[in-house]
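Given the structure is predicted, the values throughout are model-derived calculations rather than measurements. Keep in mind that the numbers below use all heavy atoms, side chains included, and drop hydrogens, waters and symmetry copies.
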Amino acid sequence: MTATTGATTRPAKSKSYKLVPPDGGWGILVCIGMAFPFISGLSSLPSFGLVFGDFLKSIGAETSSIAIITSTFFCAMSFAGLFSGSLFRKYGMRRMGLVGGGLYCLGTALQVFATSTLHLLLTFSLLQGVGFGLIVPTCYTTFNNYFVLNRVMWMGFAQTLIGLGAMAYPIAMQKLLEWYGFRGCLLVLTGINAHAVLGMLLMQPVEWHMKRVPLDEEELQLQQSSTPSQPVVVHVQPETPLKPIPELEFATESEVRDSLPVSHLSSRRVSSHAEEHALQILRSRASSITSLGNWTGSMVVSDASPQMMHSLQASRRQSVISGSPVGEQEAAAPPAEVITKKSLCATIVDFLDLTLLKQPVYVNIVLGITFALYSDITFFTMQPTYLFELGYTKVDTAKIIAIGASADLLSRIFLAVTAIFIQVPARYIYLGGALFTVFARFAFDGITDFMGMACITAVLGFLRTWIHVPLPLVFADYLPKERFASGYGLFMFTHGNGMFLIGPIVGYIRDRTQDYILVFHILNVFMALCAFPWVIEVLIIKFRRRSKLARNNVGEQSNGNNTLAH
């Protein structure tokens, strides 16, 4: 039996297949490419005083200038992250990543000629902050596209590389300052930071490396139940693949080629009835077929949580056009002068995707992670000075910090290995890290001896990985892929400005009271503001699900009794 269209004849026994992310392959190079800029970007702030301390003293700058420069860095990074989603949609993700890598390298190069604090504000805070703000969402979005089934494991692998580099970074900076001096060190550092551009070059679109996987029986039933003349919408990302890849359809190759019309936008459309049927089947199989690819078409399974599926379906219904000819669609369109222009506020909302702020779960995630990250970063920044106040020597303090860093690295390896055998949602890992950290810090406040301090620091360092490694995966599990960049950018904006506003207040309390224990209690409250609202949310969602199941069971029983009565 053959399927014919015009003069073209193809056998009907062609294999049906789907294109899925590789979950490995080139994705391993994506992990390595992500490590390049992150090692430098995340290590430059803790080592800022080491590299620029003597220079700032030589120009008569006060120590408070370090806080101003680093805070401005976070502000610039947060604003770049806020606009990253819109820039990705307009110019392409990989292109903007390369711009970010170039700005980050350029900022380091211009620091070689620094003569004032203003010069550092422009080069380190502004250029490098904006550059790193574009690099972070580029890396995480690309990682999210390449990995679906084993995200925690591969994120653990990437974070292990970053942890190893972060341990070596301050030692390398100290040696470079001894060997080449301040400006020579910055010159070598420029070459090191140029690897950020190489890392962005490795962020190739996932469409270039998709795998062909045969369809299973349920997907074949979906193909057969759908209308052949109204196939799936498929949109390709802005980047142009090196080689054209055949479009993915839930149909045979012969049906794709012969019986499915393609519009001038290279999009294929389905009716709303077929779309609803497809979404019901795909939603029920989300755990097994969440790797159907990074498409934004009508019948695509993205890694969105159930809370986001309703808004996704609504937006896709608006974009689906029933199978009318292109000419009729254009004729039905209203004249240009009749279309009302959006207000400025609506334009800003659409440009920055601020409708995400209407999602209570998303807001809870953003605020919780913002509080937890601030608490974690500030705690480990203040711990060395607290140890000095307790009478620890520099050698003992360095040993304790090294123990915490070693525990952090071991935890990253542990998380990557255990993720191979145990699949735990990223948000539960983050929640466990926040909860256990709250309890561990209560123990920390009452310890003063060296052995006890070393042990509790190792515990906190081990738990720190659970807060940092699954962070982007929490957003990846909740948001659909097409909204990940804008959603993560909103978080970066909230986090950066939150640190800028809350930091001086906590610092003022510390300066006025001279009480580290009070400050540590305040930081523990911020960590609890992540853990306990998340626990409440989980309990509310589970209660609602149980109530819904109970109502459904009661309805089914009443229907059954009515049937028996008749």
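For the 3.5 Å distance criterion, the side chains of Thr457 and Gln383 qualify, holding a donor opposite an acceptor.
Among residues at least two apart or in separate chains, there is no salt bridge (charged side-chain N to carboxylate O under 4.0 Å, His left out) pair with a member in residues 173-201. Identified under the ring pair (Phe, Tyr, Trp, His ring centres under 6.0 Å) test for residues 518-542, with sequence neighbours left out: Phe371-Phe526, Tyr374-Phe526, Phe379-Phe520, Tyr386-Phe520, Tyr430-Trp534, Phe444-Phe520. Within the structure, salt bridge (charged side-chain N to carboxylate O under 4.0 Å, His left out) contacts touching residues 395-421 (residues at least two apart or in different chains) are Asp408-Arg412.
By the ring-ring contact (aromatic ring centres under 6.0 Å, His included) test, Phe79 is found to be paired with Phe493, residues two or more places apart in sequence or in another chain being considered. For Arg464, the salt bridge (charged side-chain N to carboxylate O under 4.0 Å, His left out) test picks out Asp376, with sequence neighbours left out. Partners of Thr355 under the side chain to side chain donor-acceptor pair (under 3.5 Å) rule, at least two apart in sequence or in another chain, are Asp353, Arg483. Shown here are the ring-ring contact (aromatic ring centres under 6.0 Å, His included) partners of Phe414, two or more places apart in sequence or in another chain: Phe462. With sequence neighbours excluded, the residues satisfying ring-ring contact (aromatic ring centres under 6.0 Å, His included) with Phe124 are Phe48, Phe73. With sequence neighbours excluded, no residue forms a side chain to side chain donor-acceptor pair (under 3.5 Å) with Asp54. The side chain to side chain donor-acceptor pair (under 3.5 Å) check on Tyr362 picks up nothing, with sequence neighbours excluded. For Ser40, the side chain to side chain donor-acceptor pair (under 3.5 Å) partners two or more places apart in sequence, or in a different chain, are Tyr104, Asn193. Residues passing the ring-ring contact (aromatic ring centres under 6.0 Å, His included) test with His195, sequence neighbours excluded: Phe36.
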### Query
Hey, mind stepping through Phe439 and Phe442 against ring-ring contact (aromatic ring centres under 6.0 Å, His included) and telling me if it holds?
CA-CA 5 Å; Phe439 297 131; Phe442 280 119; 7.3 Å; no
